Amino acid sequence: MLQIFPDTSTIAEHVSATLVAKIQSKPDAVLGLATGGTMEPIYAQFVAHAHRVNLDVSRLTSFNLDEYIGLSPDHPKSYSAYMREHLFSHLGFDTSRLHLPDGMTQDLEAHCKAYAAHIQAFGGVDLQLLGVGGNGHIGFNEPGTPFDCPCHVVELAEQTRIDNSRFFAEGLMVPRSAITMGMAEIMQAREIVLVATGEAKAQIMAEWYQQDVTERIPFTALKRHPRARIILDEAAASLLPPEARQQRMVAVG
Ligand SMILES: N[C@@H]1[C@@H](O)[C@H](O)[C@@H](COP(=O)(O)O)O[C@@H]1O
């Protein structure tokens, strides 16, 4: 289902309310968490909302989508550091329940298998948050990734490294590879919320809308998911055909 909101702050309120409701109804839920600029206002809003309603997050389990290979959790540009900065350090999480792939692992293949098995051991993800790359990647599942692919190592597409270089100071290289949750684990999530904001996502959203399900655009897989929502702001929706732009959300909540 496609939903278009006026701007990033109404999206943040809406997604935050979705998260709070999920956690209130299932305090031991398993969340699939994403990083990237899109998620920053969402986590900020969620932290404020959680404080307001005194939300108990201590029984939650989370699995992050991905991590760069070669960056330790202490590296400021690791996704581990991102999660601490934007979410984990602000609320009373049980840190032993918060999982990210280990970018410093010595045995990549074994680690990927163990990460996938760990998610299965928890019965899969209840609610998966996703952003989307300019080339349609989700997590770091780049175009061409088979839809049944589990957690794996990926060589990042040149476009992805260029897009993500804005997060790295000049002279710091974007890593060439990453560990990502696979399309398989993502598609097994019971509920998926994908958020795309800003003009930079307008082109890929138009392609997503026009194309059938294709591995060339990984997030088209969500068209086959029974409970996936694609949430856009006006800018990301700006190249959609008029009939798609009818899906405007006027109310928040
Ligand atoms: N691995 C992450 C993705 O999980 C994220 O969804 C995407 C979009 O990022 P942004 O929200 O910064 O546009 O970029 C990265 O490559």
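Note that the numbering runs from 1 along the sequence shown for the chain. Order of appearance sets the numbers: ligands from 1, and atoms from 1 within every ligand. The model shown is predicted, which means the values in this text are computed figures rather than measured ones.
- In terms of protein heavy-atom proximity, atom 7 (C) of ligand 1 is nearest to H137 NE2, 3.7 Å.
- Side chain to side chain, E142 and Q159 fail the donor-acceptor criterion of an N or O pair below 3.5 Å.
- Contacts between Y79 and ligand 1, counted as non-hydrogen atom pairs separated by less than 4.0 Å, involve the side chain only.
- Close N/O approach between F167 and ligand 1 is not found [any backbone or side-chain N/O within under 3.5 Å].
- For atom 9 (O) of ligand 1, the nearest protein heavy atom (residue, atom name, distance) is G36 CA, 4.0 Å.
- Of the protein's non-hydrogen atoms, the one nearest atom 3 (C) of ligand 1 is G139 O, 3.5 Å.
- By the 3.5 Å distance cut-off applied to N or O atoms, D66 is counted among the residues near ligand 1.
- Heavy-atom minimum distance, L156 versus Y68: CD1-CE2, 3.8 Å.
- Judged by the 6.0 Å distance and 45° axis criteria, K201 is not positioned over the aromatic ring of W208.
- A distance-only check finds no donor-acceptor pair linking the side chain of T180 to the backbone of G182 [under 3.5 Å].
- Ranking the protein heavy atoms by distance from atom 5 (C) of ligand 1 puts T35 O, 4.0 Å first.
- No more than 12 heavy atoms of other residues, nucleotides or ligands shown are found within 6.0 angstrom of CG on D212.
- Closest to atom 13 (O) of ligand 1 among all protein heavy atoms lies K201 NZ, 2.7 Å.
- Of the N and O atoms on the side chains of H14 and R229, at least one donor lies less than 3.5 Å from an acceptor on the other residue.
- Per-residue contacts place G131 under 4.0 angstrom from the following atoms of ligand 1 (heavy atoms of the residue considered): 6 (O).
- Close contacts between ligand 1 and F140 involve ligand atoms 1 (N), 15 (C), 16 (O) [criterion: under 4.0 Å to a heavy atom].
- Annotation: Y115 is not in aromatic contact with H99 [ring centroid separation under 6.0 Å not met].
- V132 O, 3.4 Å is the protein heavy atom nearest to atom 8 (C) of ligand 1.
- The nearest heavy-atom contact from the protein to atom 11 (O) of ligand 1 is T38 OG1, 2.4 Å.
- Counting heavy atoms closer than 4.0 Å to ligand 1, residue R166 contributes side-chain atoms (C-beta onward) but none from N, CA, C or O.
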*For the pair D94 and R59, evaluate salt bridge (Lys or Arg N to Asp or Glu O under 4.0 Å) and give the outcome as yes or no after the intermediate values.*
CA-CA 7 Å; D94 173 350; R59 292 168 60 203; over 6 Å; no
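- Note on K26 versus D126: salt bridge recorded, some NZ/NE/NH1/NH2 to OD/OE distance being below 4.0 Å.
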